[in-house]
**Student:** 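Below is one structure. I have some questions about it.
Excluded from the calculations below are hydrogen atoms, water molecules and symmetry mates; all remaining heavy atoms, backbone and side chain alike, are included. The residues of the chain are indexed from 1 along the displayed sequence. Whatever order the structure lists them in is the order used to number ligands and atoms, beginning at 1.
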Amino acid sequence: MITSNKTIAAAVLGINGMGATHVQAAKDSPWINRVMGYEPTSELASKYSIDRDIPATHHINKILNDPQIKLVYIAAPNEFHCDLAIQAINAGKAVLCEKPMGTTLNEATRLLQAKQNKDSFLQIGLELRYSKLYMQAKEWIDQGLIGTPVNTHCDYYCSEGHARGSWRSESETSLIAEKLCHYLDLPRWWIGDEVKNVYSVSAPNVVSYFNHPDNHQITYRFKDGAVSTLAFFMHTAESFDGDPLQDIIEKQVDDGHRLTYLIYGTAGAIETDVFRRRIRRWEFKDAPAKLESKLVDKITYPSKEDSLWMHNTHGQNIEVSRLVAHGLPPFTEASDSFQSMKLVFAAERSELEGQVVEMSEV
Ligand SMILES: NC(=O)c1ccc[n+]([C@@H]2O[C@H](COP(=O)([O-])OP(=O)(O)OC[C@H]3O[C@@H](n4cnc5c(N)ncnc54)[C@H](O)[C@@H]3O)[C@@H](O)[C@H]2O)c1
């Protein structure tokens, strides 16, 4: 790893919610010497400037025209990602844009083209690739410890987390784009192959005020034959009432919440489990009488390391600042993230059309 003391200035567009995490990572980064925030109105800029303890503006040009600001993090609501990222790229900035890469295939395509036209740094915030649970799975797969991965299954069940009237509930952007893009991206990364086709269905909603489905069952096949499935419901499980004395994961572990992957290979299997804070690995042996399976690895982690293991946005952002300060390319190319977004939009289309969608036709 390069450890020179080269530093740059950075900006965060949208400094509430996830933007607060981006600001904190920028403050913590040894590669960033100054952070500026942006909010769309002077009231919001003033309010969040105080909350985040950084200067903030509602004049985007103050950021775009500042030659010392080399890196822009985008944490605005999804509908603004494409235009903000293109503006920043055209102003010569490196960009880390939160997922999704756009709310439509057209937006994601426009953003990729803008990046390619300028040959600029663009990384999409699919930060599970920086999270230890999923990196460990990748490491075991790359070491050949489960043979060839042929089947992955993700179960993601949670209580309703998007309040009535919030931009997420009101948005027509599906939860496949907003949330599940992370969980469609990982199998592509692990299996290292492109998707051939996808079929997705959703049942009638339980959450009546969502402007989009609250559940999805997505099945997709890779070109070399591997198959992945994802089952998602946002209403199962007991709602968390925010008891400050209770650890949220401890509360949720056995009341219906689930976020697991099972990854089956020809020689073993891996299970990641967020709510049990563990990753396990089995080895398969073709014994004379039958296939024998043995649990050979189990790693657990303490609650204080939750973010590091399951959602490492902080680590992703610090690493991106290192790459940009040293003129290095992204860890994940935008063209790779674009393939995950194509899968997202193909799954949405499959639900609308009620049929299998071939990726070659998207
Ligand atoms: N990677 C992850 O796991 C993860 C987790 C949470 C959120 N996110 C992403 O972060 C983004 C923000 O989500 P959030 O939960 O922080 O939302 P939020 O509503 O809490 O915060 C969004 C902020 O953006 C500001 N904003 C609104 N319009 C803007 C504009 N045109 N330009 C700049 N800023 C604008 C809002 O005033 C607000 O401060 C979303 O794209 C979301 O998908 C990613």
**Student:** Where does the angle between the aromatic ring planes of W309 and Y301 fall among parallel (under 30°), tilted (30 to 60°) and perpendicular (over 60°)?
**Tutor:** parallel

**Student:** For atom 11 (C) of ligand 1, grab the closest protein heavy atom and report residue, atom and distance to one decimal in Å.
**Tutor:** A76 O, 3.4 Å

**Student:** Heavy-atom pairs closer than 4.0 Å: do any link ligand 1 to the side chain of H311, the backbone, both, or neither?
**Tutor:** side chain

**Student:** So, taking the atom named SG in C97 and the one named CG in L84, what distance separates them when rounded to the nearest 0.5 Å?
**Tutor:** 8.0 Å

**Student:** Among all protein heavy atoms, pick out the one at the shortest distance from atom 27 (C) of ligand 1; state its residue, atom name and that distance to 0.1 Å.
**Tutor:** P77 CD, 3.5 Å

**Student:** Is it the case that the side chains of Q87 and D83 hold a donor-acceptor pair, with the cut-off being a distance below 3.5 Å and no angle test?
**Tutor:**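 Side-chain D/A pair, D83 to Q87: absent.
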
**Student:** Which residue supplies the protein heavy atom nearest to atom 5 (C) of ligand 1, what is that atom called, and how far is it?
**Tutor:**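 It is M18 CE, 3.2 Å.
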
**Student:** Polar contacts were defined as any N/O atom of the residue lying under 3.5 Å from an N/O atom of the ligand; does this apply to T313 and ligand 1?
**Tutor:**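 No; every N/O pair is 3.5 Å or more apart.
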
**Student:** If only side-chain N and O atoms count, and only distance matters, is there a donor-acceptor pair under 3.5 Å linking H153 with T229?
**Tutor:** yes

**Student:** Between E98 and ligand 1, find which residue part has any heavy-atom pair under 4.0 Å and reply side chain, backbone, both or neither.
**Tutor:** side chain

**Student:** Does any pair with a residue in residues 350-362 pass side chain to side chain donor-acceptor pair (under 3.5 Å), and if so which ones, sequence neighbours excluded?
**Tutor:** N197-E358, S200-E351, S202-E351, H216-E351, R349-E353, E353-Q355

**Student:** Anything under 30° is parallel, anything over 60° is perpendicular, the rest tilted; go ahead and classify W31 against H326.
**Tutor:**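 If you compare the ring of W31 with that of H326, the planes turn out perpendicular.
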
**Student:** Apply ring pair (Phe, Tyr, Trp, His ring centres under 6.0 Å) to Y157 and list each qualifying residue two or more places apart in sequence or on a separate chain.
**Tutor:**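 For Y157 the ring pair (Phe, Tyr, Trp, His ring centres under 6.0 Å) partners, ignoring immediate neighbours, are F233.
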
**Student:** Relative to ligand 1, is P40 under 4.0 angstrom through side chain, backbone, both or neither, heavy atoms considered?
**Tutor:**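 It is the side chain that touches ligand 1; the backbone stays farther off.
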
**Student:** Hey, looking at atom 12 (C) of ligand 1, which of A75, A20, A45 has the closest heavy atom?
**Tutor:**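 Answer by nearest heavy atom: A75.
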
**Student:** Examine H22 together with H314 and report whether their ring centres are nearer than 6.0 Å.
**Tutor:** no

**Student:** Strictly under 4.0 Å, does any heavy atom of H182 approach an atom of ligand 1?
**Tutor:** yes

**Student:** Give me the nearest non-hydrogen protein atom to atom 1 (N) of ligand 1 as residue plus atom name, then the distance to 0.1 Å.
**Tutor:** E127 OE1, 2.9 Å

**Student:** What protein heavy atom sits nearest atom 39 (O) of ligand 1, and how far off is it?
**Tutor:**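 Ranking protein heavy atoms by distance from atom 39 (O) of ligand 1, first comes E39 OE2, 2.6 Å.
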
**Student:** Under a 4.0 angstrom heavy-atom cut-off, which atoms of ligand 1 come close to L44?
**Tutor:**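 Those atoms are 37 (O).
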
**Student:** Is it the case that E127 and Y134 place a side-chain donor and acceptor less than 3.5 Å from each other?
**Tutor:** no

**Student:** Does either side chain, that of H81 or that of E98, offer a donor lying less than 3.5 Å from an acceptor on the other one?
**Tutor:** no

**Student:** Which is closest to atom 7 (C) of ligand 1 by heavy-atom distance: R168, H162, K99?
**Tutor:** R168

**Student:** Closer than 4.0 Å to some heavy atom of N78 - which atoms of ligand 1 meet that?
**Tutor:** 40 (C), 41 (O), 42 (C), 43 (O)

**Student:** With heavy atoms under 4.0 Å as the rule, classify the contact between N16 and ligand 1 as side chain, backbone, both or neither.
**Tutor:** both

**Student:** Do any nitrogen or oxygen atoms of P100 come within less than 3.5 Å of a nitrogen or oxygen of ligand 1?
**Tutor:** no

**Student:** Which atoms of ligand 1 have any heavy atom of Y38 under 4.0 Å away?
**Tutor:** 32 (N), 33 (C)

**Student:** Identify which one of L126, L133, L128 satisfies the side-chain contact (heavy atoms from CB on, under 4.5 Å) criterion when paired with L186.
**Tutor:**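 The side-chain contact (heavy atoms from CB on, under 4.5 Å) with L186 is passed solely by L128 among L126, L133, L128.
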
**Student:** G17 heavy atoms, cut-off 4.0 Å: which ligand 1 atoms fall inside?
**Tutor:** 16 (O), 20 (O)

**Student:** If hydrophobic clusters are built from ILVMFWY residues whose side chains come within less than 4.5 Å, do I54 and L71 share one?
**Tutor:**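 Both belong to a single hydrophobic cluster.
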
**Student:** Of the choices F80, Y73, W167, which has the non-hydrogen atom that lies closest to atom 28 (N) of ligand 1?
**Tutor:** F80

